[in-house]
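Some notes on the structure that comes next.
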Amino acid sequence: MRKVLVVIGSRANYSSIKSVMRAIQAHPDLTLQLVVGASALLDRFGSVIDVIEADGFAADAKVTMIVEGETPATMAKSTGLGLLEFATMFDMLKPDVVVSVGDRFETMATAVAASYMNIPVAHTMGGEISGTIDESIRHAVTKLAHVHFPANQQAADRIIRMGEQPDTVHVVGCPRIDLVAEIARSNGHLESADWLEQEGVGAHITLDRPFLLVSQHPVTTEYGCGEQQITETLMALHELQMPTIMLWPNADAGSEDISRGMRKFREKYRPEYIRFYKNFPIDTFVRLMLTCGCAIGNSSAPLREGAFVGVPTVNIGTRQGGRDRAANVMDAGYDRHEIVAAVRAQLAHGRYPSDHLYGDGTAGGRVAEVLAHTPLRVQKRLSY
């Protein structure tokens with residue numbers, strides 16, 4: 001049996017690989033190993049480890065690797081700590097293949113450690129285009145990886161043009177869509193706000209009228225601008241005065257700038273229409289997307305999962321610049337007036353048809369089957 005080691009370092013990582021983990025557990029020729037680290041262990045980012053364990057997964061190892069500060073320097077240092085710690089964990093667990101998810105700094109540490117140790121790397125969600133440092137990390141990991149699992153043919157074509165062997169590139173769809181499809185099939189709209197009231201801080205939110213779902217993260221290549229950027233978004237929300245569910249930002253460089261802007265806004269305006277949350281269980285977030293009037297911010301979720309469920313989306317700024325998108329997305333700059341106009345247009349439009357741009361909801365099983373049977377080799381060579 002092949003031992004497949006999955007590294008999870010954030011809430012986004014987990015939602016992006018959960019269906020694959022379930023499929024690996026269920027496959028007769030595979031054994032799942034799990035390493036959890038980075039912000040997934042921290043309470044201020046929602047203690048994702050608790051969600052993982054509540055879902056029935058047990059971590060074989062936990063890696064503390066975040067250097068506090070959320071600056072470019074601490075981001076680089078956290079990557080270095082991850083490289084040191086992951087090498088130790090991989091040496092201890094001796095996996096046959098390591099799965100590296102997406103494009104975050106812990107993804108880079110995972111791929112570098114495994115590659116140097118002659119452990120094949122399988123990479124999900126490669127070949128895509130976006131803004132911020134994620135664009136560079138994603139393609140760097142592609143060049144370190146030995147098995148590729150892009151979400152669509154466009155991404156697969158880019159991977160092959162980067163010189164990867166075509167027989168190592170498997171178009172499987174995005175594993176995040178698997179969870180969305182599963183929930184959507186079960187009529188997954190939120191019918192009760194009880195859980196929302198038990199968690200978070202701020203306004204009392206009901207689901208009996210349209211609400212906004214907001215998630216905005218720092219753009220690492222625009223470090224130092226985060227407070228100004230989030231203030232424009234918050235002032236747009238202040239003009240709209242709609243019930244709003246808002247997430248705190250991730251752990252990237254500039255996170256404190258975003259958080260500071262949110263704290264200042266709360267103290268000055270005391271908004272009676274926004275409730276703030278550290279994190280959501282994956283199924284709750286999907287149900288919120290299925291139910292909300294409009295998703296706002298710069299997360300990839302409304303572009304990826306949002307395409308499948310047809311959620312009207314306002315994408316702000318450059319963080320998702322160039323990413324493949326469906327008809328449900330309208331772009332706005334860091335300008336409160338642009339954001340307000342775009343939100344009102346999306347609310348007037350309503351839901352969009354489902355688009356399978358990022359998959360049809362069957363990625364997990366496909367990934368597990370490839371991992372069980374594909375030849376694994378660590379020697380790489382350009383294909384042109």
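Count residues from 1 along the sequence.
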Sub-3.5 Å donor-acceptor pair from the side chain of [X] to the main-chain atoms of [Y], do we have one?
X	Y	value
Asp103	Ile137	no
Thr71	Thr74	yes
Arg275	Gly200	yes
Ser115	Val112	no
Ser19	Leu179	no
Gln33	Leu93	yes
Asp355	Ala307	no
Ser255	Asn250	yes
Asp178	Gly364	yes
His148	Thr168	no

Distance from [X] atom [atom1] to [Y] atom [atom2], nearest 0.5 Å?
X	Y	atom1	atom2	value
Asp252	Glu70	CG	CD	9.0 Å
Asn298	Asn315	CG	CG	7.0 Å
Thr79	Leu84	OG1	CG	11.0 Å
Ser39	Arg44	OG	CZ	9.0 Å
Asp91	Met117	CG	CE	4.5 Å
Glu338	Asp331	CD	CG	10.0 Å

All side chain to side chain donor-acceptor pair (under 3.5 Å) counterparts of [X], not counting sequence neighbours:
X	value
Arg22	Glu182
Ser215	His217
Thr132	Thr220
Lys143	Glu164

Between [Y] and [X], is the closest basic N to carboxylate O distance under 4.0 Å?
X	Y	result
Arg366	Asp360	yes
Lys278	Asp43	yes
Asp167	Arg377	yes
Arg2	Asp96	no

Evaluation steps, side chain to side chain contact (heavy atoms under 4.5 Å, CB included), between Arg104 and Met75: CA-CA 10 Å; Arg104 294 187 47 76; Met75 204 169 176; 6.0 Å; no

Ring pair (Phe, Tyr, Trp, His ring centres under 6.0 Å) partners for His356, two or more places apart: Phe308

For Tyr269, ring pair (Phe, Tyr, Trp, His ring centres under 6.0 Å) partners two or more places apart: His238, Phe265

Trace of the side chain to side chain contact (heavy atoms under 4.5 Å, CB included) decision for Val20 with Val6: CA-CA 9 Å; Val20 174; Val6 175; 5.5 Å; no

If I compare all heavy atoms of [X] with all of [Y], which pair ends up nearest, and what's the gap?
X	Y	value
Arg138	Ser130	NH2-OG, 2.8 Å
Ile339	Gly333	CG1-O, 3.7 Å
Tyr384	Gly163	CE2-CA, 3.4 Å
Ser78	Phe105	CB-CE1, 3.8 Å
Val101	Val7	CG2-O, 4.2 Å
Val311	Pro302	CG1-O, 4.3 Å

Lys380 NZ: over 12 foreign heavy atoms closer than 6.0 Å: yes

With heavy-atom distances below 4.5 Å as the criterion, would you say the side chains of [X] and [Y] are in contact?
X	Y	value
Val147	His170	yes
Arg11	Leu247	yes
Tyr14	Met21	yes
Ile258	Met262	yes
Asp324	Tyr358	yes
Ile296	Ile316	yes
Ile52	Lys18	no

By side-chain contact (heavy atoms from CB on, under 4.5 Å) - contacts of Pro312 (at least two apart): Gln346, Arg351, Tyr352

Modelled atom types, side-chain donor and acceptor of Arg325 and Thr313, under 3.5 Å: no

Residue pairs involving residues 223-232 (criterion side chain to side chain donor-acceptor pair (under 3.5 Å); sequence neighbours excluded): Glu222-Gln229, Glu227-Arg260, Glu227-Lys264, Glu232-Arg336

Salt bridge (Lys or Arg N to Asp or Glu O under 4.0 Å) contacts in which one or both residues fall within residues 110-123, not counting sequence neighbours: none

Salt bridge (Lys or Arg N to Asp or Glu O under 4.0 Å) partners of residues 56-65, not counting sequence neighbours, each pair once: Glu53-Lys62

Are [X] and [Y] grouped together when hydrophobic residues (ILVMFWY) are joined by side-chain heavy atoms under 4.5 angstrom apart?
X	Y	answer
Leu42	Trp248	no
Tyr116	Leu144	yes
Val171	Ile177	no
Ile17	Phe149	yes
Met246	Leu288	no

Atom pairs and distances, donor-acceptor, side-chain atoms in residues 118-129, under 3.5 Å, two or more places apart:
unit_1: His123; atom_1: NE2; unit_2: Gly102; atom_2: O; d: 2.8
unit_1: Glu128; atom_1: OE1; unit_2: Arg304; atom_2: NH1; d: 2.3
unit_1: Glu128; atom_1: OE1; unit_2: Arg323; atom_2: NH1; d: 2.4
unit_1: Glu128; atom_1: OE2; unit_2: Arg304; atom_2: NH1; d: 3.0
unit_1: Glu128; atom_1: OE2; unit_2: Arg304; atom_2: NH2; d: 3.1

Of all pairs that satisfy ring pair (Phe, Tyr, Trp, His ring centres under 6.0 Å), the ones with a partner from residues 20-66, not counting sequence neighbours: His27-His373

